[in-house]
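A quick write-up on the structure given underneath.
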Amino acid sequence: MSWSEFPSMSKSELRGLRKSIDQGFREFAAEYGESLEKFFDPLLSFLIFSERLLLSTPWPLMIAICASIAFVGSRSWKIVIGVVVAFLVIGYLGMWADTMRTLSIITVCTAVAVAIGIPIGILMAKSDRTQTVVSPVLDVMQTMPSFVYLIPVVMLLGIGKVAGMLAVIVYALPPIVRLTNLGIREVDSDVIEAADAYGTNSWQKLTKVQLPLALPAIFAGVNQTIMLSLSMVVIASMIGVKGLGQPVLKAIQNQYFAIGLLNGFAIVALAIIFDRVSQRYGMRIQRHRQGKSDV
Amino acid sequence: MSESNVKIHINNLTKIFGASPSSMLPLVEQGIGKGKLLEEHDHVLALDRVNMQLNAHSIEVIMGLSGSGKSTLVRHINRLIAPTSGSVLVDGEDVCAMSDKTLRDFRQRKTAMVFQNFALLPHRTVIDNIAFGLEVRGVGRTQLNEKSYFWLDKVGLAGLDRHYPAQLSGGMQQRVGLARALACDADILMMDEAFSALDPLIRSDMQDILLELQKDLRKTIVFITHDLDEALKIGDRIAILNQGRLVQQGSTEDILLRPADGYVRRFVADVNRTGVLRARSIMALKWQQEKAQNNAVVVQEDDTLRKVLHMMLKADSFNAVVTDEAGKAVGHIDADMVAQAVNY
Ligand SMILES: Nc1ncnc2c1ncn2[C@@H]1O[C@H](COP(=O)(O)OP(=O)(O)O)[C@@H](O)[C@H]1O
Ligand SMILES: [Mg+2]
């Protein structure tokens with residue numbers, strides 16, 4: 001026996017193994033694919049609804065809405081002007097519709113990630129055992145190359161919006177879960193003791209003490225989730241999600257440098273806007289910690 | 001002291017921290033002591049068979065060096081810490097036997113706590129911090145507001161209701177902590193080194209505020225400190241812990257004049273006792289007409305030793321007649337008694 005060659009399974013055994021896994025999954029897909037699709041139907045309608053809504057809103061109104069959200073979030077005129085200019089340029093360069101589609105899927109993905117992620121994070125913070133179980137799962141979700149789980153998702157749900165959205169969520173979910181967990185665990189134990197001493201039950205403790213104090217961390221998680229969803233836009237477009245990713249994909253296939261560049265910049269612009277607004281907002285909600293006046 | 005006046009019974013309370021606390025109990029029963037248990041068995045004996053009664057309507061000080069078990073002891077009263085053995089009865093009810101729900105109710109209504117590092121909620125304004133206990137209990141808006149603002153005023157923070165804790169100095173933050181506790185209207189107020197983190201002048205202010213409030217409130221206050229001067233100023237009675245054991249519990253004068261052991265003696269060695277001891281506790285009880293000399297000064301039972309000395313020096317006399325409130329002579333003090341009281 002030579003040490004330079006690893007004693008692996010024989011080729012035919014390996015082929016058998018792969019075949020049986022594939023076979024098993026295919027059967028599973030055939031059996032449950034349809035009911036899974038049914039299960040995700042509400043999500044699909046939500047996606048379609050939000051995309052239609054964004055696309056049908058007159059563009060000046062849309063810009064005004066985005067600018068107001070930016071102002072409420074950041075209280076900074078500089079950022080508001082940045083938002084307006086970015087949208088005007090994007091529109092002028094013919095990327096309005098795709099930008100709205102991307103905006104829509106990012107919003108829905110973030111909403112779903114928050115709705116799932118925060119409760120999971122809370123459960124993790126409440127129990128060490130849950131944390132031990134969930135942590136490695138999150139590691140896998142974040143490090144597994146997306147293409148690998150795109151295969152089963154597409155096999156189950158087919159190409160389309162829902163499959164793309166699931167891919168985005170799998171990738172973007174971990175930070176919000178992790179940071180919710182961390183934020184709650186890092187709440188000062190003295191404050192928790194005080195809450196106990198005044199007789200809070202666990203719901204009161206969660207809503208009146210832990211969540212408010214973990215909010216800055218949770219918000220950092222939301223911010224990261226948004227960034228990660230944006231970074232998945234191109235990959236999601238490979239399985240049929242419309243938006244800024246698709247032109248980029250086309251540009252890669254056909255070597256259209258300019259189209260790739262422009263759409264790439266539009267994605268970057270969205271990312272910067274989301275990031276700045278949410279960062280400013282995050283800073284504002286923890287202002288009481290620095291003891292600044294003006295409420 | 002009549003039995004009915006006791007608010008909190010602490011019976012044979014032992015608390016051991018470590019991997020297997022209850023297996024250490026037999027050793028503790030044999031009197032192994034904190035040092036040896038840690039060295040040989042790697043368990044911390046935080047409380048060693050403590051028996052103590054705390055009276056209603058009085059300020060009961062628990063004193064001891066850092067690590068002597070004060071915080072652990074007070075946290076047994078509202079079961080923030082559960083005992084390894086022994087029991088705590090509040091108004092005759094066993095705290096350790098309460099269900100979770102009963103315990104929460106008990107904490108909401110019977111006890112309130114003030115912490116050394118304030119433990120305020122940083123995301124809530126002053127007024128919302130004060131309202132916290134009431135809110136947890138489910139008190140309605142109007143009553144909650146009324147009570148919170150009442151206590152805001154009482155602790156001298158009127159006008160600062162919309163500030164955040166981080167905007168206030170340490171002394172003011174602890175006023176918020178005190179108001180939060182008092183707003184709950186609980187019988188028992190537990191203060192774990194509540195003033196220890198404050199500057200001396202502010203600490204003294206807070207002690208005065210507490211004493212002033214206590215005149216009306218007449219709560220059962222369990223006041224923890226490692227500072228003897230504070231203990232003497234605040235306490236109706238003082239209990240002294242050493243290495244998890246109760247070494248003495250008594251009036252301030254008991255502690256000063258009749259220290260139970262060397263530990264207590266060392267504790268009280270440096271204190272300026274002239275400001276604490278009163279004529280009543282150092283005088284010879286029977287006043288005999290013939291012993292009194294004609295230059296004797298007349299002092300009151302309640303006068304401090306400092307005042308007695310002052311009057312004696314002014315009159316160039318070393319004899320004093322002690323009278324009660326009605327002016328009736330009840331005892332006398334001579335030079336020997338003064339000397340003994342000052343240089344215990
Ligand atoms: N959670 C804990 N785990 C282990 N040891 C503890 C714990 N809490 C307190 N102790 C130990 O118990 C003893 C008493 O502590 P504590 O009640 O905090 O003392 P004090 O308040 O008088 O300073 C100390 O030796 C301390 O180290
Ligand atoms: Mg302590």
Side-chain angles (χ1 to χ4, degrees), chain A residues 73 75 118 121-122 125-128 179-180 182-222 278-295, chain B residues 71 74-75 77-81 98 100-126 128-138 160-169 173 176-177 180-181 183-184 186 188-192:
Chain A
R75 297 281 161 86
I118 291 181
I122 291 170
K126 293 246 159 194
S127 130
D128 284 340
L179 281 156
T180 302
L182 190 74
I184 292 177
R185 281 176 184 265
E186 283 193 338
V187 171
D188 195 352
S189 61
D190 293 335
V191 176
I192 297 296
E193 184 177 50
D196 284 332
Y198 282 94
T200 53
N201 59 30
S202 48
W203 177 251
Q204 287 172 322
K205 194 158 56 177
L206 182 69
T207 53
K208 291 179 196 292
V209 181
Q210 292 171 311
L211 280 182
L213 288 176
L215 209 56
I218 294 174
F219 214 79
V222 174
S278 66
Q279 245 179 29
R280 283 294 189 105
Y281 183 71
M283 261 151 59
R284 280 226 332 269
I285 55 176
Q286 52 178 326
R287 205 176 31 178
H288 56 79
R289 299 193 167 197
Q290 283 99 49
K292 283 197 196 116
S293 48
D294 128 66
V295 180
Chain B
S71 297
V74 77
R75 278 164 178 70
I77 296 174
N78 60 355
R79 213 173 97 189
L80 284 175
I81 298 179
M98 291 177 181
D100 285 356
K101 172 86 178 64
T102 319
L103 179 63
R104 280 200 301 273
D105 255 28
F106 169 81
R107 286 172 176 172
Q108 287 170 11
R109 285 158 210 281
K110 272 262 166 86
T111 65
M113 204 160 175
V114 185
F115 301 86
Q116 175 168 13
N117 32 26
F118 321 138
L120 300 176
L121 302 173
H123 62 290
R124 288 177 160 231
T125 58
V126 166
D128 289 343
N129 264 288
I130 296 176
F132 184 71
L134 298 168
E135 192 182 311
V136 168
R137 199 196 294 171
L160 295 178
D161 50 341
R162 294 277 126 220
H163 283 58
Y164 284 94
Q167 295 169 256
L168 305 180
S169 67
Q173 288 189 41
V176 180
R180 171 175 71 178
C184 293
I188 300 171
L189 182 61
M190 297 184 283
M191 307 184 68
D192 186 4

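Just so it is clear: chains get the letters A, B, ... in the order the sequence lines come, proteins before strands, and each one is counted from 1.
Top candidate by heavy-atom pairs under 4.5 Å with chain B, chosen from L215(A), T200(A), V191(A), is T200(A).
Neither the backbone nor the side chain of F106(B) has a heavy atom closer than 4.5 Å to any heavy atom of chain A. Neither the backbone nor the side chain of A186(B) comes within less than 4.5 Å of any heavy atom of chain A. Residue L168(B): no heavy atom, backbone or side chain, is found under 4.5 Å from chain A. Contact annotation for R109(B): neither backbone nor side-chain heavy atoms come within less than 4.5 Å of a heavy atom of chain A.
Considering all non-hydrogen atoms of both residues, V136(B) and Y198(A) come closest at CG1-O, 3.6 Å. Residues D196(A) and R107(B) share a closest heavy-atom pair of O-CD, 3.2 Å. Taking both residues in full, the closest heavy atoms of G199(A) and R104(B) are given as O-CD, 3.6 Å, listed atom of the first, atom of the second, then distance. Residues D190(A) and A119(B) approach most closely at O-CB, 3.6 Å, considering heavy atoms.
Note that the CD atom of Q108(B) and the CG atom of N201(A) stand 8.0 Å from one another [nearest 0.5 Å]. One distance of note links CD of E193(A) with CE of M113(B); it measures 5.5 Å at 0.5 Å rounding. Remark: D188(A) CG to L120(B) CG distance equals 11.0 Å, nearest 0.5 Å.
Proximity of a side-chain donor or acceptor of H123(B) to a complementary backbone N or O of K208(A) within less than 3.5 Å is detected.
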